[in-house]
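For the single chain, residues carry numbers from 1 onward in sequence order.
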Amino acid sequence: AVPGHESTEGPMNATQLIAYCSIAAVAVSVAAIYITLRGVLNQLRVTVFITYTERFAKVMSTLPFEARRPGSDYHLTADPAERVRIFGIFRDYLNLCSEEMWLRQQHRIDRATWQIWERGMRQVAQFPPFRAAWQELACEYDYYREFQDFVNKRLLTDIPGPRKAAGEEGGQTRSEERRVGKECRSR
């Protein structure tokens, strides 16, 4: 060995030990940050899910019980004040749905959450006043064509039209839907 030169072989010197320990500390810190961020992300997802579930429950609790039963004989009343109230409830509900869809499109919620919400939307679309409310309110979502298409093509497909009440004509036709759309645009 040459005096004044340290050997690269043999036991680790203090500088090398400090370097290895620093690298290990950084690796442990990165792992801890990753685990913490995953926990925070999961907690945020749960918070979003619970918040939207509470909003859904609040909106649906204001809807008459019979109006929430698919297949019931519930019919919208001719009373203008009651129609406005029911349409207002569905406006709140449709706003909630459009926000949920936006969250999914922006990857703010996971696929499993969206699937649960979509199944719920399909169920609500079977409520007796849903179709009438959508025909009245669809034009309010002209700014969000993807949502309109989602309701028309995913929620309302394979769902029967409104039942006939005494003295009423049969279910809505495609031309009737176009007429309603034109009325919305003319408002």
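When the shell of 6.0 Å around OH of Tyr20 is examined, it contains 12 or fewer heavy atoms from other residues, nucleotides or ligands. Residue Gln43 places its CD atom among 12 or fewer non-hydrogen atoms of other residues, nucleotides or ligands, all under 6.0 Å distant.
Two different hydrophobic clusters hold Leu44 and Phe49 under the rule that ILVMFWY side chains link at heavy-atom gaps under 4.5 Å. Hydrophobic clustering (side-chain heavy atoms under 4.5 Å, transitive across Ile, Leu, Val, Met, Phe, Trp, Tyr) groups Trp102 together with Tyr141. Linking ILVMFWY residues whenever their side-chain heavy atoms come closer than 4.5 Å, directly or via other members, places Tyr143 and Leu94 in the same cluster.
Within the model, atoms NZ of Lys58 and CD1 of Ile89 stand 12.5 Å from one another, a figure rounded to the nearest 0.5 Å. Here the CD atom belonging to Gln123 is positioned 12.0 Å from the CZ atom belonging to Phe130, to the nearest 0.5 angstrom. Separating the CD atom in Gln105 from the CZ atom in Phe147 is a distance of 10.5 Å, to the nearest 0.5 Å. The line from CG of Leu76 to CZ of Arg131 is 13.0 Å long, rounded to the nearest 0.5 Å. The CD1 atom of Ile86 sits 7.5 Å away from atom OG1 of Thr62, with the distance rounded to the nearest 0.5 Å. With rounding to the nearest 0.5 Å, the separation of CG in Leu137 from CG in Asp92 is 10.0 Å.
Ring geometry for Trp114 against Phe150 counts as tilted: the plane angle lies between 30° and 60°, on a 0 to 90° scale.
Using a distance-only test at 3.5 Å, with no hydrogens or angles considered, a donor-acceptor pair links the side chain of Ser72 to the main chain of Glu66. Gln16 places a side-chain N or O within 3.5 Å of a backbone atom of Asn13 that can act as its donor or acceptor partner. With hydrogens and angles disregarded, no donor-acceptor distance shorter than 3.5 Å links the side chain of Thr113 to the backbone of Ile109.
Here the side chains of Ile18 and Cys21 are not in contact, with every heavy-atom distance at 4.5 Å or above. Taking the side chain as every heavy atom from C-beta outward, Arg69 and Pro64 never approach each other to under 4.5 Å. Between Arg68 and Val124, every side-chain heavy-atom pair lies at or beyond the 4.5 Å cut-off.
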Intermediate values then yes/no, side chain to side chain contact (heavy atoms under 4.5 Å, CB included), Glu118 and Glu100: CA-CA 9 Å; Glu118 185 177 1; Glu100 291 170 346; over 6 Å; no
Working note: Arg108 + Val48, criterion side chain to side chain contact (heavy atoms under 4.5 Å, CB included); need CA distance, chi angles, decisive distance, verdict. CA-CA 9 Å; Arg108 301 291 196 272; Val48 166; over 6 Å; no
One pair to check against side chain to side chain contact (heavy atoms under 4.5 Å, CB included): Met101 and Met121. What are the steps and the verdict? CA-CA 11 Å; Met101 186 173 170; Met121 290 176 206; 5.7 Å; no
Trace of the side chain to side chain donor-acceptor pair (under 3.5 Å) decision for Asp149 with Tyr144: CA-CA 9 Å; Asp149 290 344; Tyr144 195 2; over 6 Å; no
Go through the steps for Arg111 and Arg104 under the test side chain to side chain contact (heavy atoms under 4.5 Å, CB included), then give the verdict. CA-CA 8 Å; Arg111 185 173 186 211; Arg104 178 62 182 144; 3.6 Å; yes
Assess whether ring pair (Phe, Tyr, Trp, His ring centres under 6.0 Å) is satisfied between Tyr52 and Trp117, documenting all intermediate values. CA-CA 9 Å; Tyr52 276 78; Trp117 286 351; 5.4 Å; yes
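Inspection of the Asn95 and Ser98 side chains reveals no N or O donor paired with an N or O acceptor under 3.5 Å.
With respect to Ile50, the side chain to side chain contact (heavy atoms under 4.5 Å, CB included) criterion is satisfied by exactly one of Thr47, Val46, Thr53: Val46.
Taking a cutoff of 4.0 Å between a charged side-chain nitrogen and a carboxylate oxygen, Arg83 and Glu136 do not qualify as a salt bridge.
Taking every heavy atom of both residues into account, Pro129 and Ala67 meet most closely at CD-O, 3.6 Å.
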